[in-house]
Amino acid sequence: MKERLIVAAAALLLAGCGNMKKQSYFRPEVPAPLLPRGTSAQLPPPHTVARGLRLPDDPFVTGVKDGKLLERIPVAVTAALVARGRDRYEIYCVVCHGPGGDGDGVIVRRGFPAPPSYHLQRLVEAPAGHFFQVMTTGFGAMYPYADRVAPADRWAIVAYIRALQLSRRADARLLTAAERGRMEAR
C-alpha cells in the first residue's frame, strides 16, 4: 500500500513537469492588454527602494542635510576608508588634481584648465559635503561623477582629500623619530 502511494505521488509530480515547460509568458515590451501600462514591462510600485540601497534624499547620498552641506564625513574615517579613497582618487582625480592635490595633474600640464589646489584656505575650511557635491554634480570644467563613482567611494575620496590637506598642515614635531625618518627619506 505504501509503495502504491509513493508511485502515485511520483506520477502526479512528474505529470506536472511537462506543463512547467510549456508555460506562457510575456517577453519584455510585448503588448499585454491585461496589465496596467498595456505592456509586459511594468514599473515598480511608488517609493520602492532596492534592498541595500539608500533613499535618494539620504544625506549619505546627497551630501546635504536640512538644506546645508554636511560638515563632516557621515561614516567612520578609518585607515581602510582613506586607503580606498586614495585608490579611487588615483583612478578618477589625479589626472587633474595631481598626486598631492595641488591642481597640477598631467592633463593640466597639457593645457586643460587647472582646478584649484585643495590646500587653499577656503577649501581647507570647506565642509566635507562641498567636495562630495562637486564630485556628484560637477563644477566648472569638471563633469559630474555621480554615475561613475558610488556615494561610498565619493566619501572615501573626501576622506583622502582631507588626509592630503592634513598632511600639509601637520606638525612634524608630533611624529615619532621613525616616522620622521621615513618622511625625510621620501
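Only heavy atoms go into these numbers, but all of them, side chains included; no hydrogens, no water, no symmetry mates. Note that the structure is predicted; figures quoted are calculated from it, not measured. Count residues from 1 along the sequence.
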Aromatic ring pairing Y92/Y145, orientation class (parallel under 30°, perpendicular over 60°, tilted between) |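 Ring orientation of Y92 relative to Y145: perpendicular.
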
Give me the ring orientation class for W155 and F60: parallel if the planes are under 30° apart, tilted from 30 to 60°, perpendicular past 60°.
->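 Because their plane-to-plane angle lies in the 30° to 60° range, the rings of W155 and F60 count as tilted.
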
Does [X] have more than 12 heavy atoms from other residues, nucleotides or ligands lying within 6.0 Å of its [atom1]?
| X | atom1 | value |
| --- | --- | --- |
| R72 | CZ | no |
| R86 | CZ | no |
| R110 | CZ | no |

Would you please name every residue forming a side-chain contact (heavy atoms from CB on, under 4.5 Å) with R122, sequence neighbours left out?
->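 R122: side-chain contact (heavy atoms from CB on, under 4.5 Å) contacts with P116, L120.
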
Using the salt bridge (charged side-chain N to carboxylate O under 4.0 Å, His left out) rule, take D153 and R148 through it: C-alpha gap first, then chi angles, then the decisive distance, then the call.
-> CA-CA 10 Å; D153 283 341; R148 294 171 180 82; over 6 Å; no

Could you tell me whether the side chain of [X] and the main chain of [Y] form a donor-acceptor pair under 3.5 Å?
| X | Y | value |
| --- | --- | --- |
| E71 | A128 | no |
| E179 | T176 | yes |
| R169 | H119 | yes |

Spacing of OH belonging to Y118 relative to CD belonging to Q165, to within rounding of 0.5 Å |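 Reported value, rounded in 0.5 Å steps: 8.5 Å.
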
Measure the shortest side-chain to side-chain distance between [X] and [Y] over non-hydrogen atoms and say whether it is less than 4.5 angstrom.
| X | Y | result |
| --- | --- | --- |
| V149 | I157 | yes |
| L123 | H130 | yes |
| P31 | T39 | no |
| H97 | Y89 | yes |

Are [X] and [Y] connected in the hydrophobic side-chain network, where two residues link if heavy atoms are under 4.5 Å apart?
| X | Y | value |
| --- | --- | --- |
| V94 | V82 | yes |
| Y143 | F132 | yes |
| V158 | M142 | yes |
| V64 | M135 | no |
| I91 | I161 | yes |

Which heavy atom in [X] sits nearest to a heavy atom in [Y], and how many Å separate them?
| X | Y | result |
| --- | --- | --- |
| G103 | A114 | O-CB, 3.7 Å |
| P59 | L70 | O-CD1, 3.7 Å |
| Y160 | P99 | OH-O, 4.2 Å |
| V108 | P113 | CG2-O, 4.0 Å |
| R162 | V124 | NH1-O, 3.4 Å |

Should L81 and V75 be marked as a side-chain contact (heavy atoms from CB on, under 4.5 Å) after you check the CA-CA gap, both sets of side-chain angles, and the distance that decides it?
-> CA-CA 9 Å; L81 182 75; V75 293; 3.9 Å; yes

Just do the side-chain contact (heavy atoms from CB on, under 4.5 Å) check on D102 and R168 with the steps written out, would you?
-> CA-CA 11 Å; D102 295 304; R168 296 278 175 94; 2.8 Å; yes

Start with the C-alpha distance between F139 and Q133, add both sets of side-chain angles, then the distance that settles side-chain contact (heavy atoms from CB on, under 4.5 Å), and finish with yes or no.
-> CA-CA 9 Å; F139 188 85; Q133 278 284 303; over 6 Å; no

May I have all residue pairs that pass side-chain hydrogen bond (donor to acceptor under 3.5 Å, both in side chains) and include part of residues 60-70, sequence neighbours excluded?
->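 Qualifying pairs: none.
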
Residues in salt bridge (charged side-chain N to carboxylate O under 4.0 Å, His left out) contact with R88, at least two apart in sequence or another chain =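 None.
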
Salt bridge D104-R109, side-chain N to carboxylate O under 4.0 Å =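 No, no charged N to carboxylate O under 4.0 Å.
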
